[in-house]
Amino acid sequence: MTYIAPAGTPISLRDLSSSARRAAHGADPAQELSAVLARIAATSRCWPVSSGRAALTLILQAMHAGRRDRDVVVVPAYTCFSVPASVARAGLRVQVCDVDPRTLGLDPAALERLDFGRVLAVLSANLYGLPNSLPELEEIARVQGVFMIDDAAQALGATIAGRPAGSFGDAGLFSFDKGKIISTIQGGAIVARDGEVAAELDRQMPTLSGPRFLESVALSAKLAAYAAFLRPGLYGFISRMPFLGLGRNDFEMRFPITRLGRFQSAMALTLVSRLRELNERRRINASRLATELAAIPGIRIPAVSSGAEPVFARYPICAPDRPRRDLLVRRLNEAGIGASRSYESAILDHAAIASILVDVQPCPGAREIAATLLTIPTHAYCPPDFGARVSEIIRKEAA
Ligand SMILES: *Cc1c(COP(=O)(O)O)cnc(C)c1O
């Protein structure tokens with residue numbers, strides 16, 4: 001049976017070979033990548049680095065350098081576990097803020113109730129490529145006199161109020177990990193306008209080393225394997241190759257913080273040149289799913305923030321309760337569709353993260369999402385009858 005991977009960027013042999021050629025000859029592709037991403041993010045500056053986690057850690061360190069008296073980062077209570085891992089890696093602590101289960105984004109009312117006394121920065125999430133209420137979050141951070149980080153790890157190319165996700169607040173980040181909008185297996189970038197944070201990053205970045213040679217070779221080999229086996233029919237095979245780390249979701253503080261290597265940079269550049277087309281396919285697949293799923297009782301589709309153009313890294317839906325969510329994920333996977341539960345708990349319920357939390361607030365919204373959310377693939381390998389196949393299974397099991 002063919003299996004539709006949970007997420008993926010189609011990469012051809014031609015993409016691989018042209019990227020390898022670009023990496024081997026001439027100017028550093030990281031510089032060109034930096035210019036292209038800064039243009040997409042409508043910021044003046046961009047620094048490609050080894051991962052989204054590395055980007056977030058470096059941003060936090062730059063912010064902390066100017067405000068040593070503040071050591072708390074406000075993080076959505078439901079987001080990727082790499083976020084608190086980066087906060088911990090920067091030597092800072094996490095204050096969770098509840099999310100609104102209707103939008104999956106930070107709940108502005110809950111944010112305004114927090115004590116900002118020790119807060120250094122507030123972070124968005126833009127999960128699955130749906131922009132949060134970024135203008136509102138930016139305004140709250142400004143009024144409170146704290147930094148805002150626009151985490152667009154999953155939202156490269158999304159916009160709200162005509163501005164790109166990643167460009168709000170004082171600095172933003174993108175990720176090129178597996179399952180993001182574009183993938184070079186690992187990789188990421190910081191974006192920022194000129195200002196206090198950019199000036200500090202300019203001081204820090206020259207001290208950052210490049211990737212180790214063997215690490216680059218290993219990543220390139222993984223990328224080639226990933227590209228080849230992402231096709232439906234072959235994914236079942238790579239999903240059993242543990243070295244690729246597909247589905248990695250751990251709270252892990254040890255990760256490399258380096259510049260992005262030449263081959264990864266060249267690959268990111270190749271994929272970014274196809275960003276519009278890749279995201280357009282995702283939007284079409286998402287709108288097919290929306291049409292099919294809208295009428296199914298018991299299923300709730302998270303609302304898109306007003307004025308937002310999402311990119312749908314995946315398609316999120318909420319089941320009536322945890323047992324039915326788990327059943328739907330199982331049935332969809334049995335039918336060859338890479339549905340997943342996304343993050344298995346709210347940040348505050350992850351045992352390893354508890355030690356870096358301060359002033360834990362009740363977060364019923366985040367817990368509700370952790371219990372009921374499932375996500376459906378949207379990538380270009382989804383066949384045309386995909387929406388109908390998904391909705392048939394969901395209609396049968398959700399009621
Ligand atoms: C993936 C992700 C990150 C971290 O990016 P990596 O490249 O995997 O380190 C940070 N924030 C969010 C919301 C993410 O989804």
Side-chain angles (χ1 to χ4, degrees), residues 6-9 37 47-60 73-90 94 96-97 99 104-106 121-132 134 137 148-156 158 165-166 168-169 171-191 211 219 222-223 226 244-261 264-265 267-268 271 310-314 316 340-344 346-347 350 353 366 369 373 375:
T9 317
L37 288 173
W47 298 266
V49 293
S50 49
S51 65
R53 285 156 290 165
L56 181 52
T57 307
L58 290 161
I59 292 170
L60 289 167
V73 183
V74 177
V75 166
Y78 186 80
T79 192
C80 178
F81 296 145
S82 295
V83 169
S86 305
V87 176
R89 178 71 181 269
V94 165
V96 287
C97 176
V99 290
L104 312 180
L106 272 181
V122 172
L123 193 99
S124 64
N126 305 305
L127 294 184
Y128 319 115
L130 275 65
N132 299 153
L134 298 173
L137 300 181
M148 174 186 161
I149 303 170
D150 192 8
D151 181 346
Q154 303 184 18
L156 180 62
F168 285 78
L173 65 117
F174 301 119
S175 165
F176 317 136
D177 209 85
K178 303 159 296 283
K180 311 291 178 164
I181 295 292
I182 62 167
S183 177
T184 64
I185 299 288
Q186 264 173 44
I190 302 170
V191 286
L219 280 172
K222 285 183 196 179
L223 187 59
Y226 177 77
L244 277 173
L246 292 171
R248 166 188 64 81
N249 230 343
D250 289 337
F251 175 72
E252 169 60 70
M253 276 172 63
R254 284 162 304 179
F255 47 82
I257 300 183
T258 70
R259 295 194 304 272
L260 191 63
Q264 315 288 121
S265 296
M267 196 66 230
L271 293 173
V311 289
F312 293 107
R314 301 178 54 70
S340 89
R341 296 186 315 167
S342 206
Y343 314 116
E344 66 218 42
I347 298 283
H350 190 300
I353 301 174
I369 296 168
L373 186 80
T375 65

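All ligand and atom numbering here is 1-based and tracks the order in the structure. Values below: every heavy atom of this structure, side chains too, minus hydrogens, waters and symmetry copies. Position 1 is the first residue of the sequence; numbering continues from there.
- Those atoms of ligand 1 with a heavy atom of Gly187 less than 4.0 angstrom away are 7 (O).
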Begin with the C-alpha distance, continue with both residues' side-chain angles, and end with the deciding distance and a verdict on side chain to side chain contact (heavy atoms under 4.5 Å, CB included) for Thr375 and Tyr128.
CA-CA 9 Å; Thr375 65; Tyr128 319 115; 3.6 Å; yes
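- When the heavy atoms of Val49, Asp177, Val75, Asp151 are ranked by distance to atom 12 (C) of ligand 1, first place goes to Asp151.
- Of the N or O atoms in Ser82, none lie within a sub-3.5 Å distance of an N or O in ligand 1.
- The backbone N or O of Thr57 sits nowhere less than 3.5 Å from a side-chain atom of Arg89 that would complete a donor-acceptor pair.
- Heavy-atom contacts of Ser175 reach the following atoms of ligand 1: 5 (O), 6 (P), 7 (O), 8 (O) (cutoff under 4.0 Å).
- In Thr79, the part holding a heavy atom less than 4.0 Å from any atom of ligand 1 is the side chain.
- The ligand atoms of ligand 1 that sit less than 4.0 angstrom from a heavy atom of Ala153 are 2 (C), 3 (C), 10 (C), 11 (N), 12 (C), 14 (C), 15 (O).
- Neither the backbone nor the side chain of Gln186 has a heavy atom within less than 4.0 Å of ligand 1.
- For the pair Leu123/Leu56, a side-chain contact is recorded, criterion being any heavy-atom separation below 4.5 Å from C-beta on.
- Proximity of a side-chain donor or acceptor of Tyr78 to a complementary backbone N or O of Tyr343 within less than 3.5 Å is detected.
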As a quick check of understanding, evaluate side chain to side chain contact (heavy atoms under 4.5 Å, CB included) for Val94 and Val83, giving each step before the final call.
CA-CA 9 Å; Val94 165; Val83 169; over 6 Å; no
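- In this structure, the side chains of Leu219 and Gln186 come closer than 4.5 Å at one or more pairs of heavy atoms.
- Taking the side chain as every heavy atom from C-beta outward, Val99 and Thr79 never approach each other to under 4.5 Å.
- Only the side chain of Val83 comes within contact range of ligand 1, with a heavy atom under 4.0 Å; no backbone atom does.
- Which parts of ligand 1 touch Ser51 is read off a 4.0 Å heavy-atom cut-off, strictly below it: atoms 7 (O), 9 (O).
- In this structure, Tyr343 counts as a contact residue of ligand 1, since one of its heavy atoms falls inside 4.0 Å of the ligand.
- In this structure, Ala54 has no heavy atom closer than 4.0 Å to ligand 1.
- Taking 4.5 Å as the limit, some side-chain heavy atom of Ile185 sits within range of a side-chain heavy atom of Lys178.
- With a 4.0 Å heavy-atom cut-off, ligand 1 is reached by the side chain of Gln154 but not by its N, CA, C or O.
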